[in-house]
2 protein chains.
Amino acid sequence: MVEDTSQLLDVLTGVEFFRGMSPTGLDAILRLADLTSFDADEYLFFQGDPADVFYIVVDGRVKLTQVNEEGVQVILNYPGPGEAFGIVAVLREMAFPVTAQTVEPTRCLAWRDSQLKQMILEYPQLGLNAIRILSKFIVEFQERIKELSTERVEQRVARTLLRLAGAEEAGVSGSRAIDFRLTRQDIAEMSGATLFTISRILSAWEREGLLGSDAQHITLLQPARLQELAEGRE
Amino acid sequence: MVEDTSQLLDVLTGVEFFRGMSPTGLDAILRLADLTSFDADEYLFFQGDPADVFYIVVDGRVKLTQVNEEGVQVILNYPGPGEAFGIVAVLREMAFPVTAQTVEPTRCLAWRDSQLKQMILEYPQLGLNAIRILSKFIVEFQERIKELSTERVEQRVARTLLRLAGAEEAGVSGSRAIDFRLTRQDIAEMSGATLFTISRILSAWEREGLLGSDAQHITLLQPARLQELAEGRE
DNA sequence: ATTTGTCATTGCGCTAGCGCAATATAGGTA
DNA sequence: TACCTATATTGCGCTAGCGCAATGACAAAT
């Protein structure tokens with residue numbers, strides 16, 4: 001199914017979902033996968049579609065969104081290289097709870113729901129890994145719920161940017177770029193605010209030298225200061 | 001470790017985490033568990049404690065909360081009989097992201113982190129079950145994020161009450177009681193609003209005959225109408 | 001019977017952030 | 001060069017919901 005197996009094996013060894021797998025096992029699993037290429041802005045699946053595929057991003061970036069009854073959109077996650085999505089739905093014989101759309105040209109490995117189940121039963125380590133990954137999401141989502149419930153927009157925007165820049169794990173020293181296209185509308189949909197409010201906040205921050213933006217690419221120039229704002233320490 | 005094994009076995013067979021387990025396996029797992037009784041309002045663990053235990057509620061009710069830097073609390077979940085909590089943290093060698101406190105006298109089965117890991121490796125079916133449970137939370141949390149981002153307080157309160165009454169699965173016909181103590185403050189902390197706003201909304205709904213409340217026990221008299229409010233159909 | 005503590009209600013003023021409209025900017029393309 | 005479309009900015013008025021304070025209701029404790 002896959003052309004360039006050895007190169008892909010390299011990628012997969014860094015993927016959390018496959019942590020602790022033997023090269024032999026990994027190779028067997030890789031043989032089951034489909035490698036698919038997508039253009040930018042292409043839809044992988046829609047919220048409500050029957051969930052029968054599970055993806056891992058090889059390169060590129062995918063946007064996961066939900067819409068409410070009135071059609072207002074919320075962005076839930078931006079999985080990038082090495083990250084998995086679709087596990088959530090695949091084992092529950094349910095519909096995808098989100099819509100997946102690429103934001104740039106993207107390649108993904110895909111497995112069918114039945115294959116995933118089989119893989120986990122054969123390699124229980126994968127079950128543990130999946131639990132770890134899902135737990136991480138739960139913790140992140142819990143935090144976002146907390147933020148939406150108790151914090152003001154400015155704090156949430158700061159947190160959103162830090163999160164997107166991956167500045168949490170990496171510490172807050174030096175400047176950090178968000179390496180994919182990101183409109184004000186996107187940021188609004190991630191932080192639970194309106195386009196207008198985001199525009200005002202980001203303009204102010206640019207004026208203060210907190211961040212630089214050009215052509216929808218944002219760079220956090222003072223992550224440490226942003227971190228302060230995120231925590232409400234004005 | 002456990003006194004009344006046969007009675008507990010009955011409870012466990014209904015638990016999602018143990019779905020598909022053989023009686024023999026279940027029995028072996030039960031032997032590893034500790035059954036602990038808690039009074040009302042007792043703390044099981046605090047946010048930030050090292051996560052080394054995984055619980056299943058036998059009877060009673062537990063409240064899972066988070067606090068932000070300023071000490072404002074958010075309620076994330078109210079696990080009841082048959083429901084698991086603590087899986088989230090236990091496999092990630094991390095701290096509990098929430099505080100767990102009973103809301104009434106409660107009995108829980110508890111396993112150590114190392115035991116859970118061992119159990120899953122021995123019975124991969126448990127891994128699949130855990131993934132299903134975690135996925136359900138993710139979907140619920142995603143929905144709450146969507147609600148907090150796009151809906152007004154009244155809608156969110158309606159949804160919170162329906163969720164607590166378990167009216168989603170059970171359909172919306174007939175009246176439904178929420179069978180545990182629940183203050184206005186609690187509802188506020190679940191729906192991302194203030195005590196005052198909740199009080200106003202619930203008073204109005206009581207006047208309209210939508211719900212009845214006495215001694216901190218709320219009954220949804222017209223779940224279908226609440227469902228309409230939740231969806232913004234005024 | 002009185003006190004104490006917890007929880008709920010309601011009035012009132014305030015403000016963060018929404019929502020709309022008008023205008024500006026910047027790539028892409030013909 | 002001019003045009004088109006998508007995105008961003010900014011001003012302005014408005015309101016949902018917050019935050020405080022005063023009061024009330026009820027149960028448990030002494």
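In what follows, chains carry the letters A, B, and so on, assigned in the order in which the sequence lines appear, proteins first and then strands, with residues in each chain numbered from 1. Fair warning: this is a prediction, and the values are worked out from it, not measured in the lab.
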Pairing residues for [X] by the side-chain hydrogen bond (donor to acceptor under 3.5 Å, both in side chains) criterion, not counting sequence neighbours:
X         : value
Arg144(A) : none
Thr194(B) : Thr197(B)
Gln185(A) : Glu189(A)
Ser199(B) : none

Subject >> Working for side chain to side chain contact (heavy atoms under 4.5 Å, CB included), residues Tyr55(B) and Thr36(B) >> reply: CA-CA 10 Å; Tyr55(B) 293 93; Thr36(B) 322; 5.6 Å; no
Original post:
Run the salt bridge (Lys or Arg N to Asp or Glu O under 4.0 Å) check on Arg181(B) and Asp186(B) step by step: do they pass?
Top reply: CA-CA 9 Å; Arg181(B) 228 174 109 264; Asp186(B) 290 331; over 6 Å; no
**OP:** Check every nucleotide of DNA chain D for an atom under 4.0 Å from a heavy-atom of chain A, then give the first and the last such nucleotide from 5' to 3'.
**Re:**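 Going 5' to 3' along DNA chain D, contacts run dT7(D) to dC12(D).
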Original post:
Between Thr106(A) and Leu44(A), is a side chain to side chain contact (heavy atoms under 4.5 Å, CB included) present by the stated rule, with each step listed?
Top reply: CA-CA 11 Å; Thr106(A) 302; Leu44(A) 280 69; over 6 Å; no
Original post:
Sequence neighbours excluded, which residues qualify as ring pair (Phe, Tyr, Trp, His ring centres under 6.0 Å) partners of Phe18(B)?
Top reply: Trp111(B)
**OP:** Please round to 10 degrees the angle between the axis of the first five pairs and the axis of the last five pairs in the helix from dA1(C)-dT30(D) to dA30(C)-dT1(D).
**Re:**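 That helix gives 30° between its end axes.
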Subject >> Non-hydrogen side-chain atoms of Leu109(B) and Val58(B) separated by less than 4.5 Å >> reply: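 With C-beta onward as the side chain, the pair touches.
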Subject >> salt bridge (Lys or Arg N to Asp or Glu O under 4.0 Å) pairs, two or more places apart, involving residues 193-205 of chain B >> reply: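 Listed once each, the pairs would be none.
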Subject >> Thr65(A) OG1 to Met190(A) CE distance, which is reported to the nearest 0.5 Å >> reply: 11.0 Å
**OP:** Scan residues 193-202 of chain A against DNA chain C and write down, sorted by residue number, each residue with any heavy atom closer than 4.0 Å; if none is found, say none.
**Re:**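 Output list: Ala193(A), Thr194(A), Phe196(A), Thr197(A), Arg200(A).
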**OP:** In sequence, state the C-alpha distance, the side-chain angles, and the governing distance for Arg225(A) and Glu228(A), and then conclude on salt bridge (Lys or Arg N to Asp or Glu O under 4.0 Å).
**Re:** CA-CA 5 Å; Arg225(A) 179 80 189 94; Glu228(A) 285 178 23; 3.0 Å; yes
Subject >> Arg156(B) side chain to Ser191(B) backbone, donor-acceptor under 3.5 Å >> reply: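 Judged by distance alone, yes, a pair lies under 3.5 Å.
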**OP:** Could you tell me whether a side-chain N or O of Ser37(B) sits under 3.5 Å from a main-chain N or O of Arg107(B), the two making a donor and an acceptor?
**Re:**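 Not confirmed, Ser37(B) side chain does not pair with Arg107(B) backbone.
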Got a list of side-chain donor-acceptor pairs under 3.5 Å for residues 69-90 of chain A, not counting sequence neighbours?
residue, atom, partner, partner atom, Å
Glu69(A), OE2, Arg159(B), NH2, 3.4
Glu83(A), OE1, Gly80(A), N, 2.8

Close N/O contacts between protein and nucleotides 5-7 of chain C (under 3.5 Å):
residue, atom, partner, partner atom, Å
dC7(C), O3', Gln216(B), NE2, 3.3

Between the protein and nucleotides 23-25 of chain C, which nitrogen or oxygen pairs are less than 3.5 angstrom apart?
none

